[in-house]
Amino acid sequence: MATDTLKSKPGAQGGATGGLRRLLLDNGALTALIVLVVAMSALSGDFLTADNLLNVGVQAAVTAILAFGVTFVIVSAGIDLSVGSVAALSATVLAWSATEAGIPVALAVVLAVLTGIVCGLVNGFLVSYGKLPPFIATLAMLSVARGLSLVISQGSPIAFPDSVSHLGDTLGGWLPVPVLVMVVMGLLTAFVLGRTYIGRSMYAIGGNEEAARLSGLRVKKQKLAIYAFSGLFAAAAGIVLASRLASAQPQAAQGYELDAIAAVVIGGASLAGGTGKASGTLIGALILAVLRNGLNLLSVSAFWQQVVIGVVIALAVLFDTVRRKAGATTPAAGASGGGNKGKQALTYVIAAVVAVAVVGATSLLHNGSSGADKPKIGLSLSTLNNPFFVQIREGAEEEAKKLGVDLTVTDAQNDASQQANQLQNFTSGSLSAVVVNPVDSDAAGPSVRGANQAGIPVIAVDRGVNKADTSALVASDNVEGGALGAKALAEKLGGKGTIVILQGQAGTSASRERGAGFAEGLKAYPGIKVVAKQPADFDRTKGLDVMTNLLQAHPDIDGVFAENDEMALGAIKALGSKAGTSVQVVGFDGTPDGLKAVRAGTLYASVAQQPSELGRIAVRNALRAAEDEKVEKMVKVPVKVVTKENVAGFEG
């Protein structure tokens, strides 16, 4: 693959066929990237545009920077699962220091970088001196760093300083700064691995740690430095990511550690250690970015995208195994002869020429073909792992079919940065309009501004977008809904009693707004006392677990308010026979399962938002905006408290 140049054994197949086979085997990741680019160019006329290719670079940047740091660890036969959480913590420290604490921005940046380095040093200390397996040590740091990020931010996004937010902008109006940062960090990685003592030590430790120790290397101290490098790169990635989103998100970069490890492995590094290069890691990150970008443009389901990416990772490791069994031997770790460098450079040049030729041909084919007259609309949902948003999608798809609209739906999986990527892909595609249900109102702003600049109308659904222009906001009022929920629960309890609150995912605007509305509504009922508040992340299983735990400390509660129906249903399961009898539960959303529980009497009420109607109205208004028709700036869908008395006549 792209990361290490292999020499054929004597007697290997010769001739042009054998040479081509060896070229493909020795540069598997590069070959895969070329094939992907050619395939996506052939399948989508929107892929091969300057704007979209820059999007791919921007979307690869954070993963690549994280992966460069992880490369150091994997080359030395370690693993680092904490880089995503460390990235979020570093960005949170910067934003909090520069805003809440009033520290000068330059010093705040230094503190953020030091935060990443300290986390890395702690990992290195636990591995080297604490004798913990790297998997366990970094898994513990994953939890600690994420928890500290939530503690510092109190679970809410923190606006990023304007002077640092420019890292998410472009130079000259076209060259993205994140791409430049990625290139600089890549060159730094290549220099450290190939030209420094610590780099050669990484290969030696990864090849045979005991032999490295016996040869005089101070392995423990080297590992401290290796994990410190990983923390440093994680901090840089966190700053770049937060700059793109114009805010530090405490839940940002969840799962990014797996993408980083995948990029390193796809690029040809071995998890057993001893092999790996910066160029291979960059190619691995680009492969992941091209896959996600292309699959978005091709309207492939977000669920299938996960399947495809998993298959690619498995095939990459399988290819590495096949390559090693093909009769090749690996040169000394870290060694690089002049001849090999010349061959590799020539390989990259030939690959570039072939790719440009094939891609150019497919581009001409697309230019010669006539586009369809059917209007295209993109719908970016915050998550599809929640019945409420599934109903929004179903309503939108129903309306799109009725109006003859080609609707592309994407799932951000509650990740603001992933949603930013999806919105960028929509902007570079040939869409008539975009509908967005933001993960976070602030974080969606920069991407929506990009759509504004491209002249694409944007409709926000369920939640607004801050610091950007939207043609319309189609929503019910979360704050009003929270207040109605408080009124319904308090009146059912007769104005007296103790209750607990199950909160949604920290940092999301829906949780903040519903919680604020409930607190405001509860002020009219001083006899109601809130004895506990705990997040359950809008998840039914977590709602069950959290409610079970709360009942140990507060067995005599009278009521429960859950910020969505899924958590309410989990709470009902934990309450058992108490639900609907001695303990009243109020949920939010009016999902089918929630309404079923209302009919059964276990759920007293649900604050219903009619999600299917939200989706239908959003698509209808998006088409109007695309056709330059007048659209109301604010479209309100009524919120309704649904109880057993009125559930029969309710339609979501």
Donor-acceptor contacts, no H, no angles, side chain residues 396-405, under 3.5 Å, sequence neighbours left out:
from: Glu399; atom 1: OE2; to: Arg620; atom 2: NE; distance (Å): 3.2

List, one per line, each side-chain donor-acceptor pair under 3.5 Å for residues 438-461, sequence neighbours excluded.
from: Asp440; atom 1: OD2; to: Gln249; atom 2: NE2; distance (Å): 3.2
from: Asp440; atom 1: OD2; to: Asp442; atom 2: N; distance (Å): 3.1
from: Asp440; atom 1: OD2; to: Ala443; atom 2: N; distance (Å): 3.0
from: Ser441; atom 1: OG; to: Gly464; atom 2: O; distance (Å): 2.8
from: Asp442; atom 1: OD1; to: Asn466; atom 2: ND2; distance (Å): 2.7
from: Arg449; atom 1: NH1; to: Lys467; atom 2: O; distance (Å): 2.8
from: Asn452; atom 1: OD1; to: Asp469; atom 2: N; distance (Å): 3.1
from: Asn452; atom 1: ND2; to: Val448; atom 2: O; distance (Å): 3.4
from: Asn452; atom 1: ND2; to: Asp469; atom 2: O; distance (Å): 2.9

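For Asp462, there are no salt bridge (charged side-chain N to carboxylate O under 4.0 Å, His left out) partners, not counting sequence neighbours. Shown here are the side chain to side chain donor-acceptor pair (under 3.5 Å) partners of Asn414, two or more places apart in sequence or in another chain: Gln505. Remark: Phe229 engages Phe72 in a ring-ring contact (aromatic ring centres under 6.0 Å, His included) (not counting sequence neighbours). Among residues two or more places apart in sequence or in another chain, the side chain to side chain donor-acceptor pair (under 3.5 Å) test is passed with Arg244 by Asn421, Gln424. Considering only residues two or more places apart in sequence or on other chains, Thr138 meets the side chain to side chain donor-acceptor pair (under 3.5 Å) condition with none of them. Every residue two or more places apart in sequence or in another chain was checked for a side chain to side chain donor-acceptor pair (under 3.5 Å) with Ser471, and none qualifies.
Between the side chains of Asn52 and Asn293, at least one donor-acceptor pair of N or O atoms lies under 3.5 Å.
No side-chain donor-acceptor contact under 3.5 Å links Ser44 to the backbone of Ser41.
The salt bridge (charged side-chain N to carboxylate O under 4.0 Å, His left out) contacts involving residues 418-431 comprise nothing, where partners must be two or more places apart or lie in separate chains. Annotation: ring pair (Phe, Tyr, Trp, His ring centres under 6.0 Å) contacts involving residues 375-415, sequence neighbours excluded, are absent. Within the structure, salt bridge (charged side-chain N to carboxylate O under 4.0 Å, His left out) contacts touching residues 47-71 (residues at least two apart or in different chains) do not occur. Residue pairs meeting the salt bridge (charged side-chain N to carboxylate O under 4.0 Å, His left out) criterion with at least one member in residues 280-307, sequence neighbours excluded, are Asp259-Arg292.
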